[in-house]
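Lettering follows sequence order; numbering is per chain, from 1.
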Protein chains: 2
Amino acid sequence: MPRPHSSQAAPTRPSPAHRPRLNRVYAAIADPTRRAIVAALAGGELNVGSLARRFPISFNGVSKHVKVLERAGLVRRRVRGREHWLRLRPEPLREATRWLEHYREFWDARLDALEAMLVGTRGRRP
Amino acid sequence: MPRPHSSQAAPTRPSPAHRPRLNRVYAAIADPTRRAIVAALAGGELNVGSLARRFPISFNGVSKHVKVLERAGLVRRRVRGREHWLRLRPEPLREATRWLEHYREFWDARLDALEAMLVGTRGRRP
DNA sequence: TAATCATTCAACCGATCGGTAGAATATTGT
DNA sequence: ACAATATTCTACCGATCGGTTGAATGATTA
C-alpha cells in the first residue's frame, strides 16, 4: 500500500494524458536547433532559404525542422510563388505554458507552505 | 537579402541555444506517460512499484521513464532499503516555463499591438 | 538459510529522430 | 526556350526511443 506520505491534495489534472498536439509541441522545442528557429522567426517572417542560411546544418535539415514545427502548430507557411514564408503561431505555446505553469505553481505553493510552517514553528513550539 | 518584413524587435534571446538540461526537460514532458507520472507524483512521494501499478505498461517500462525524468532533473530518488522513493523537483520546470513564457509574452504583445492598431485606425481614417 | 520482494541491468525489437545527399517539381529571370 | 532559384520528396545512415523480456542484485521476512 503506497501511503502517499503527504496529505496535500494533488493539483487538478490539466490534461487528459493523451494530447498529440501537446506532445508535438514539447517534442518540437526539445531540440535546440528548433528553439533557435523559433527565436529567429520571432524577428519576423523568413523564407526557408534565408532561415537555413543562419544555421550550420544543411538546407534540407532546416526544411525538416520547419516541418516538425509546422506539425506542432508552431509555424505557419504561406507559399508565395516559389518561396515559402514562415511565421510563428503563438496559440500552441500558450497551451504548453499552461501545463508547465500548473505544476510550477503547485510546487511554489508547496515550498511556500513549507517555509511558512518552518517560520511558524520556530518561536511557537519551544 | 531576407528582408525581415517586420520592424518589431526580436525578443532578447533567453537561452544560449545549447542547454542539455532544457533539452532534456522538454523531451521528458513530451511523452504523455511521463507527464502522467509527473501528475501522479504531484500527489506525494511514491516508490517505483506503486507508481508502476498505476500504468498499463510494464514495471520496467515505468522504471525507464522514471530514469528519463531523473536525468532531466524533474524527479529525485531516495533509496530506503529495497524501495526507491520518488519525489518531484520544481526547479527545472521553472527554467522550462521561462523559455516558453518569453515567447508567449512576445507574441501576446504583438497581438495586442495589432489589435490596438486596428482599433486606432477604425474611426480615425475614414 | 531460503524464499520473497523491489528494483536495476542488459539485450533486444521496431519506430522515430537528426542529419545528409540526390532527384524531382515549380517558379522566376534572361 | 533555357538556366537559375526555391523548395520538397525519397532514400539512406547511425543514434535514440518506448517498450518488452529475462536475468542479476540487494533488502526483507519466514
Side-chain angles (χ1 to χ4, degrees), chain A residues 1-3 5 17-38 40-41 45-72 74-87, chain B residues 1-3 5 17-38 40-41 45-72 74-87:
Chain A
M1 254 97 246
R3 155 215 60 156
H5 161 276
H18 233 92
R19 286 224 187 127
R21 225 335 168 54
L22 197 52
N23 301 350
R24 284 195 207 114
V25 171
Y26 286 132
I29 63 177
D31 184 279
T33 300
R34 283 192 295 259
R35 283 204 303 281
I37 289 178
V38 166
L41 251 30
E45 279 188 329
L46 289 173
N47 59 28
V48 185
S50 51
L51 178 65
R53 248 168 270 133
R54 305 182 175 202
F55 292 89
I57 65 176
S58 74
F59 184 101
N60 283 6
V62 173
S63 173
K64 264 173 105 174
H65 279 306
V66 167
K67 243 165 281 174
V68 171
L69 289 166
E70 232 180 331
R71 265 176 53 90
L74 287 168
V75 162
R76 208 176 124 212
R77 180 190 306 256
R78 205 185 78 236
V79 179
R80 185 104 159 202
R82 64 182 158 182
E83 23 188 33
H84 296 201
W85 290 86
L86 309 168
R87 182 200 302 218
Chain B
M1 251 103 244
R3 155 214 60 157
H5 159 276
H18 234 91
R19 285 227 186 127
R21 225 333 167 55
L22 197 52
N23 301 350
R24 285 196 205 112
V25 170
Y26 286 131
I29 63 177
D31 184 280
T33 300
R34 283 193 294 259
R35 282 204 304 279
I37 290 178
V38 166
L41 250 30
E45 278 188 330
L46 290 173
N47 58 28
V48 186
S50 51
L51 177 65
R53 248 167 271 132
R54 304 182 174 202
F55 293 89
I57 65 175
S58 75
F59 184 101
N60 282 6
V62 173
S63 173
K64 265 172 102 174
H65 278 305
V66 168
K67 242 163 284 174
V68 171
L69 290 166
E70 231 181 331
R71 264 176 54 91
L74 288 168
V75 162
R76 207 177 124 211
R77 180 189 307 255
R78 205 185 78 235
V79 179
R80 186 102 158 200
R82 66 181 159 183
E83 19 186 39
H84 296 200
W85 290 86
L86 309 168
R87 182 200 302 218

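Side-chain nitrogen and oxygen atoms of A/Lys67 include at least one within less than 4.0 Å of the OP1 or OP2 phosphate oxygen of D/dC9. OP1 or OP2 of D/dT20 has at least one side-chain nitrogen or oxygen of B/Ser58 nearer than 4.0 Å. Distances shown here put every side-chain N or O of A/His84 at or beyond 4.0 Å from the OP1 or OP2 atom of D/dA6. Contact annotation: A/His65 side-chain N/O to C/dG19 OP1/OP2 distance is under 4.0 Å.
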Quiz prompt | Heavy-atom protein contacts under 4.0 Å, nucleotides 22-27 of chain C, coded B base, S sugar-phosphate only, - none | solution = B----B

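The shortest non-hydrogen separation linking B/Arg35 to B/Ile29 is NH1-O, 2.7 Å.
In the set D/dT8, C/dT20, C/dT8, D/dT8 carries the atom at the smallest distance from any side-chain atom of A/Ser63.
Remark: P of D/dA6 and CG of A/Leu51 are 14 Å apart, rounded to the nearest angstrom.
Residues that satisfy the side chain to side chain contact (heavy atoms under 4.5 Å, CB included) test with B/Ala30, not counting sequence neighbours, are A/Tyr26, A/Ala27. Residues meeting the side chain to side chain contact (heavy atoms under 4.5 Å, CB included) test with B/Val62, sequence neighbours left out: B/Ile37, B/Leu51, B/Ala52, B/Phe55, B/Ile57, B/Val66. The side-chain hydrogen bond (donor to acceptor under 3.5 Å, both in side chains) search around A/Arg34 returns A/His65, not counting sequence neighbours.
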For nucleotides 12-16 of chain C, tabulate all protein N/O to nucleotide N/O atom pairs closer than 3.5 Å, reporting atom names and distance.
none

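Pairs passing the salt bridge (charged side-chain N to carboxylate O under 4.0 Å, His left out) check and including a residue from residues 62-72 of chain A, sequence neighbours excluded, read A/Glu70-A/Arg77.
Residues B/Ser63 and B/Asn60 have side chains that never bring a donor and an acceptor to within less than 3.5 angstrom of each other.
Side-chain contact between A/Leu41 and A/Leu74 is absent, with no heavy-atom pair separated by less than 4.5 Å.
Expressed to the nearest 0.5 Å, how far CZ of A/Arg87 lies from CG of A/Leu46 amounts to 12.0 Å.
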